[in-house]
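Written out below as structure tokens is the structure these notes cover.
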Amino acid sequence: MGNCSSFTLPTWRSQLQRNSLVSIDEGGTHDGIKTIPIQKACEFTTNSVLCVCIITWNMNGKMSVEDITKLVRSSRKFDLLVVGLQEAPKCDVSQVLQETMADTHILLGQKSMQSLQMLLFGSKSSKKYIIEMKVDKHAVGGLGGMIGRKKGAVAMYINFSGIRMVFVSCHLAAHEHKVEKRNSEFQRISQSLFSKYGIPYAQSADITVWLGDLNYRLEGISSIPARKMIEENRQSLRGKDQLLQEAEKGEVFNGYYEGTLTFKPTYKYDVGSSIYDTSHKIRVPSWTDRILFKVDHSSGMDAVLSSYESLDCVRSSDHKPVKAHLCLKVRSGDD
């Protein structure tokens with residue numbers, strides 16, 4: 001399991017710790033979101049410092065034990081598992097996940113804000129590697145309670161054997177035309193999280209991961225042509241993705257990485273199926289559910305993305321879950 005069986009404070013961290021915080025250069029020209037290919041061979045070996053599985057899912061307020069187990073039923077070759085849920089039902093999803101993972105992993109931490117939840121699991125021996133952990137939340141609107149559509153973010157900062165990570169699970173404003181509102185919510189959340197500790201989160205991590213229902217839609221295409229392109233020319237359809245467009249303008253996620261969108265758009269499906277919306281609204285399918293990450297290379301760390309996929313077999317929601325596998329490693333002198 002990565003280097004979990006022999007974690008020690010890496011020598012590359014010692015020099016950095018003398019400088020307290022590691023700053024990330026946010027100035028200069030914007031880079032947009034850098035799309036990267038998947039490295040099929042998982043480096044889940046001693047060459048990897050840490051392997052992290054990340055899952056985001058908008059549950060649409062519905063509980064399906066069968067579908068929750070499907071999230072993590074495949075090979076569990078990871079040290080940490082991060083699960084971000086939006087529109088989670090009031091029943092105890094955490095307990096179901098803990099029971100499902102009991103053979104291999106334990107719950108290390110969690111944070112919730114009404115329908116927004118995030119859970120962090122680690123291998124059974126992982127507690128001793130936690131040096132520091134903080135959680136936070138920031139609401140930007142939406143409705144909680146019975147409707148269960150709270151908007152905002154829950155977040156977790158963890159120093160795990162000297163590797164400083166931030167995970168942000170969010171649910172941003174819905175509807176195609178609310179692009180600027182989504183951009184604004186991203187900025188507000190970014191500026192707010194962990195500010196009560198006096199530490200801007202983006203300046204205190206070796207790797208920052210955003211996951212969730214970001215709600216960016218396809219722009220400038222109607223539903224029927226979009227559905228045809230999904231089957232025939234998915235690569236061209238990516239050019240109509242609002243998130244990539246806004247990042248290219250420098251509005252959001254400057255310098256973040258994302259795997260290539262080879263999977264089908266994850267919203268909106270008829271519940272109980274893998275058929276896109278057949279209601280009178282006939283919504284345009286969109287990649288609303290995403291996982292993005294940013295690495296501070298000055299920390300000596302690098303990240304390899306070994307999978308980025310949606311789980312079509314999960315059908316209890318109108319969203320499909322999205323899953324990524326990141327392997328963190330120390331950069332060699334040749335990198």
Side-chain angles (χ1 to χ4, degrees), residues 2 22-44 47-56 78-82 84 153 155-158 163-170 172 182-183 186-187 189-190 193 201-214 216 234-235 238-239 241-263 266 287-310 322-332 335:
V22 178
S23 64
I24 297 176
D25 181 13
E26 296 286 356
T29 59
H30 65 83
D31 298 318
I33 292 172
K34 301 174 184 178
T35 300
I36 59 173
I38 305 301
Q39 181 169 308
K40 292 295 183 182
C42 176
E43 296 191 352
F44 197 73
N47 294 325
S48 298
V49 176
L50 191 71
C51 288
V52 186
C53 180
I54 304 147
I55 299 171
T56 180
F78 47 78
D79 299 307
L80 299 177
L81 169 69
V82 179
M156 187 174 298
Y157 166 89
I158 181 171
I163 304 172
R164 297 173 297 185
M165 298 171 282
V166 168
F167 299 99
V168 182
S169 177
C170 69
L172 304 183
R182 285 189 280 277
N183 292 350
F186 166 78
Q187 296 295 344
I189 291 168
S190 297
L193 288 177
Y201 84 91
Q203 296 182 7
S204 60
D206 303 314
I207 182 166
T208 302
V209 180
W210 276 67
L211 58 147
D213 182 357
L214 276 61
Y216 288 90
R234 204 171 299 167
Q235 182 174 353
R238 294 196 291 265
D241 178 70
Q242 289 178 340
L243 177 56
L244 296 179
Q245 291 174 353
E246 293 304 300
E248 184 66 25
K249 297 175 187 175
E251 299 293 335
V252 291
F253 291 104
N254 180 40
Y256 276 76
Y257 293 90
E258 183 183 28
T260 306
L261 294 170
T262 57
F263 51 86
T266 54
W287 285 289
T288 55
D289 310 277
R290 312 288 275 268
I291 299 171
L292 304 101
F293 64 97
K294 188 170 188 175
V295 179
D296 177 15
H297 292 296
S298 70
S299 69
M301 292 297 298
D302 206 348
V304 172
L305 183 65
S306 61
S307 71
Y308 190 41
E309 61 186 329
S310 66
V322 172
K323 187 175 187 178
H325 191 126
L326 276 174
C327 287
L328 310 183
K329 62 178 183 177
V330 179
R331 301 183 78 191
S332 69
D335 289 346

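This structure is a prediction, so every number in the text was calculated from the model and none was measured.
- The two residues Ile38 and Ser306 have their closest heavy-atom pair at CG2-O, 3.2 Å.
- With sequence neighbours excluded, no residue forms a ring-ring contact (aromatic ring centres under 6.0 Å, His included) with Phe167.
- Lys329 has its side chain within reach of Val304: a pair of non-hydrogen atoms, C-beta onward, lies under 4.5 Å apart.
- Applying the side chain to side chain donor-acceptor pair (under 3.5 Å) test to Asp241 and every residue at least two apart in sequence or in another chain returns Arg290.
- Between the CD1 atom of Ile163 and the CD1 atom of Ile207 there is a distance of 9.5 Å, given to the nearest 0.5 Å.
- The nearest pair of heavy atoms linking Leu328 to Ala303 is CD2-CB, 3.7 Å.
- Taking the side chain to side chain donor-acceptor pair (under 3.5 Å) definition, one finds that Gln245 meets it with nothing, sequence neighbours left out.
- Between Arg182 and the options Glu246, Glu251, Gln242, a side chain to side chain donor-acceptor pair (under 3.5 Å) holds for only Gln242.
- Summarising the geometry, atom CG belonging to Asp79 is positioned 11.0 Å from atom SG belonging to Cys53; distances are rounded to the nearest 0.5 Å.
- Of the inter-residue distances, the one linking Leu81 atom CG with Cys51 atom SG reads 13.0 Å to the nearest 0.5 angstrom.
- Annotation for Val168 and Ile189: closest pair CG1-CG2, 4.4 Å, computed over non-hydrogen atoms.
- If you take CD on Gln39 and NE2 on His325, they are separated by 11.0 Å, rounding to the nearest 0.5 Å.
- At a threshold of 4.5 Å between non-hydrogen side-chain atoms, the residues Val166 and Leu193 do not count as touching.
- Counting heavy atoms from C-beta outward, Leu172 and Tyr216 have side chains that approach closer than 4.5 Å.
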- [ ] Take Leu214 and Phe186 through the side-chain contact (heavy atoms from CB on, under 4.5 Å) test and state the conclusion after the steps.
- [x] CA-CA 9 Å; Leu214 276 61; Phe186 166 78; over 6 Å; no
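- To the nearest 0.5 Å, the span separating OG1 on Thr56 from CH2 on Trp210 amounts to 12.0 Å.
- For the pair Phe263/Val322, a side-chain contact is recorded, criterion being any heavy-atom separation below 4.5 Å from C-beta on.
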TODO: Give the C-alpha distance, both sets of side-chain angles, the deciding distance and a yes or no for side-chain contact (heavy atoms from CB on, under 4.5 Å) between Leu326 and Phe78.
DONE: CA-CA 9 Å; Leu326 276 174; Phe78 47 78; over 6 Å; no
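- Arg238 pairs by the side-chain contact (heavy atoms from CB on, under 4.5 Å) definition with Gln235, Thr260, Leu261, Trp287, not counting sequence neighbours.
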- [ ] For the pair Met165 and Leu50, evaluate side-chain contact (heavy atoms from CB on, under 4.5 Å) and give the outcome as yes or no after the intermediate values.
- [x] CA-CA 11 Å; Met165 298 171 282; Leu50 191 71; 3.6 Å; yes
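- Separating the CD1 atom in Ile33 from the CD atom in Glu258 is a distance of 6.0 Å, to the nearest 0.5 Å.
- A donor-acceptor contact shorter than 3.5 Å links the side chain of Lys294 to the backbone of Asn254.
- Residues Gly84 and Ser169 share a closest heavy-atom pair of CA-OG, 3.4 Å.
- Residues Arg164 and Asp206 are paired through a salt bridge, judged by an N-O separation under 4.0 Å between the basic side chain and the carboxylate.
- Relative orientation of the His297 and Tyr257 rings is perpendicular, given thresholds of 30° and 60° on the angle between their planes.
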